[in-house]
Structures are given as C-alpha cells and as structure tokens.
Amino acid sequence: MDTAGGLLNVVDVEATCWDGPPPPGAVSEIIEIGLTVVDLDKGVRVEKHRLLVRPARSTVSAFCTELTGLTQDEVAEGLDFAAACRELAARHRTGERPWASWGDYDRHQFTRQCAATTTPYPFGHRHTNAKAAFTTAYGLRKRPGMAQALRIAELPLEGRHHRGEDDAWNIAALILGLAERGAWPQAGVARG
C-alpha cells in the first residue's frame, strides 16, 4: 500500500507513429512517458515527470514530430525501455500505487512492449480508465478525447497536446475535477 495515502499516478505515453502503416519491420514504441502524481486527499497535482525513451525498432517520423514535437535526435538521448520501466517503479512506486490513463491505449502499449522486450511490467493491477469514468460522470454517449473533455469540464489545456508530460498533467486536472464531484472511483486508490 502507498503509505502517503490517496496518491495516484496519472500516465500518458507518446509512441512512434506514421501517417499510414509503419515502414517494413518497424513497430510502434513508447518514446515519451509523462507521469503526474495526484494527491486525491488534498485535491492537488503534486509532481510532473517526463521520461524520454529511445526506440529500438522504429524511428520518429516527420508525422510523429509534427504531432508530438518530439524528434529522433531528442529521443535518441532517452533511456532504453527497460531502464525507463525500472525508473518508473523506483521513483514513482508504480507497482504499488494505483494509476490512471485516458483510455486503455497506454496500458495496452506497455503490456505489448513489455511482452515484446521481456521487460517486467512496471505497474500494479489497480488501473482506472479515466476516459470511461469521465464519460459516466458527465452522462455522455460517446467517450471524448482528452482535449474535448477539458472543454466539457471547462478546464484549460495546459501545455502541448500530444506531449506525454502535458497530457498527464491535463488528465490529472480532469481526475481532480471528477473527484471534486464525487465521481472518481475510489476503489483503486491506495490508502495508508
């Protein structure tokens, strides 16, 4: 259990992507991990963190750079994927703390990439799909993207959309808004 109580890791990843199918032999790989620590008891975002990850089986396309602002030269200086996972576990106690992401993409990307690289999965099993929780809380028929959810919640988009560290920060604001409304599922939150 998390001895600090009420802490939640909010995670957003960016991965290599292309305008169309990947080049032969290339696969989508995580190139940035954004993580914001949220103290649900105090209702605040307490830490913003970013890890750049060096891809091993793909490169950053011009399309990906346009979308995320990340370049091949920039991510080439990052950690390898296994080291990034170890850093998450050591620094943010990702195996112990509950975590959330906007949808299931981030969770599935970690699962796929861990399996493909035989890297231990860095997260525990207490994951909340913040997009599903938001959709339910607002009585929406369709699940909105993060930027649309910010508009619905009347919150500003802080930073650059499709940048892991900024998206995690914005998702954390949406989660805090849900918690304030009493609409954040508490079952997955660690208590001291």
Side-chain angles (χ1 to χ4, degrees), residues 8-19 22 26-38 45 47-61 63-72 74-95 97-134 143-150 157-175 188:
L8 173 74
N9 287 331
V10 180
V11 176
D12 185 80
V13 301
E14 301 304 326
T16 51
C17 55
W18 302 269
D19 187 15
V27 296
S28 182
E29 298 176 274
I30 294 170
I31 54 174
E32 182 190 27
I33 304 166
L35 187 145
T36 295
V37 180
V38 173
R45 297 174 285 189
E47 186 177 351
K48 181 179 183 181
H49 189 65
R50 172 189 195 210
L51 287 172
L52 289 178
V53 182
R54 184 175 59 250
R57 299 183 298 155
S58 63
T59 58
V60 177
S61 68
F63 172 81
C64 191
T65 296
E66 186 178 318
L67 184 67
T68 66
L70 298 167
T71 66
Q72 179 61 36
E74 187 177 10
V75 301
E77 299 295 320
L79 299 170
D80 67 46
F81 179 70
C85 288
R86 288 191 301 272
E87 168 91 4
L88 288 172
R91 183 169 179 179
H92 298 290
R93 299 169 61 186
T94 54
R97 280 186 195 151
W99 68 292
S101 60
W102 195 257
D104 284 324
Y105 169 81
D106 306 83
R107 184 171 57 87
H108 291 310
Q109 182 65 33
F110 267 104
T111 300
R112 282 190 301 269
Q113 198 160 336
C114 284
T117 61
T118 64
T119 300
Y121 187 69
F123 298 101
H125 298 291
R126 293 176 298 163
H127 173 263
T128 302
N129 179 332
K131 183 190 284 194
F134 185 89
R143 292 182 178 180
M146 184 208 67
Q148 183 184 4
L150 288 168
L157 175 73
E158 297 179 59
R160 180 185 176 130
H161 190 24
H162 298 299
R163 194 64 174 253
E165 66 180 327
D166 293 334
D167 285 354
W169 186 257
N170 285 304
I171 295 163
L174 289 164
I175 289 169

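- Two residues are said to be in side-chain contact when any heavy atoms from C-beta on lie closer than 4.5 Å; Glu77 and Leu52 fail this criterion.
- Put simply, the side chain of Leu157 reaches to within 4.5 Å of the side chain of Asn170, judged on heavy atoms.
- No donor-acceptor pair under 3.5 Å is formed between the side chain of Asn9 and the backbone N or O of Val37.
- Between Asp12 and Ala168, the closest heavy-atom pair is CB-N, 3.8 Å.
- For the residue pair Ile175 and Leu8, the shortest heavy atom distance occurs at CG2-CD2, 3.9 Å.
- For the atom pair NZ (Lys131) and CD (Gln148), the distance works out to 9.5 Å, reported to the nearest 0.5 Å.
- A pairwise comparison of heavy atoms in Ala172 and Val38 identifies CB-CG2, 3.5 Å as the closest pair.
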Side chain to side chain contact (heavy atoms under 4.5 Å, CB included) between His127 and Asp104, worked out:
CA-CA 9 Å; His127 173 263; Asp104 284 324; 3.5 Å; yes
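- Ion pairing of Arg160 with Glu14 is absent here, as no side-chain N (NZ or NE/NH1/NH2) approaches a carboxylate O to less than 4.0 Å.
- Cys114 is listed as a side-chain neighbour of Pro122, based on a closest heavy-atom distance under 4.5 Å.
- Ring geometry for Phe110 against Tyr121 counts as perpendicular: the plane angle is over 60°, on a 0 to 90° scale with 30° as the lower cut.
- Separation of atoms CD (Gln72) and SG (Cys64) is listed at 9.5 Å; rounding is to 0.5 Å.
- Looking at Asp166 and His161, their side chains never bring a donor and an acceptor atom within 3.5 Å of each other.
- Between Ser61 and Trp18, the shortest heavy-atom distance links the atoms CB-CD1, 3.6 Å.
- You'll find the side chain of Thr16 stays beyond 4.5 Å of the side chain of Val75, heavy atoms only.
- Classification of Glu158 and Arg45 as a salt-bridged pair holds, one side-chain N sitting under 4.0 Å from a carboxylate O.
- Between atom OG1 of residue Thr128 and atom CH2 of residue Trp102 there is a gap of 12.5 Å, rounded to the nearest 0.5 Å.
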Dump the intermediate steps for side chain to side chain contact (heavy atoms under 4.5 Å, CB included) on Phe123 and Arg107, then the final yes or no.
CA-CA 9 Å; Phe123 298 101; Arg107 184 171 57 87; over 6 Å; no
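- Just one residue in the list Leu51, Val53, Ile31 forms a side chain to side chain contact (heavy atoms under 4.5 Å, CB included) with Phe81, and that residue is Val53.
- Residues Ile33 and Ala84 approach most closely at CD1-CB, 4.1 Å, considering heavy atoms.
- Distance alone, capped at 3.5 Å, is enough to place a donor-acceptor pair between the Glu32 side chain and the Gly164 backbone.
- Remark: side-chain polar atoms of Asp80 are paired, donor with acceptor, to backbone N or O of Ala83 under 3.5 angstrom.
- Val27 places none of its side-chain heavy atoms less than 4.5 Å from the side chain of Arg112.
- Taking a cutoff of 4.0 Å between a charged side-chain nitrogen and a carboxylate oxygen, Glu47 and Arg97 do not qualify as a salt bridge.
- Looking at Ser58 and Glu29, their side chains do bring a donor and an acceptor atom within 3.5 Å of each other.
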Could you walk me through whether Ile171 and Thr36 pass side chain to side chain contact (heavy atoms under 4.5 Å, CB included), step by step?
CA-CA 9 Å; Ile171 295 163; Thr36 295; over 6 Å; no
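- When all heavy atoms are compared, the tightest approach of Arg57 to Ala116 is NH2-CB, 3.7 Å.
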Could you go through Leu35 and Thr94, starting from their C-alpha distance and side-chain angles, then the distance that decides it, and tell me whether this counts as side chain to side chain contact (heavy atoms under 4.5 Å, CB included)?
CA-CA 10 Å; Leu35 187 145; Thr94 54; 4.3 Å; yes
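- Of the possible polar contacts, one joining the Ser101 side chain to the Gly103 backbone as a donor-acceptor pair under 3.5 Å is found.
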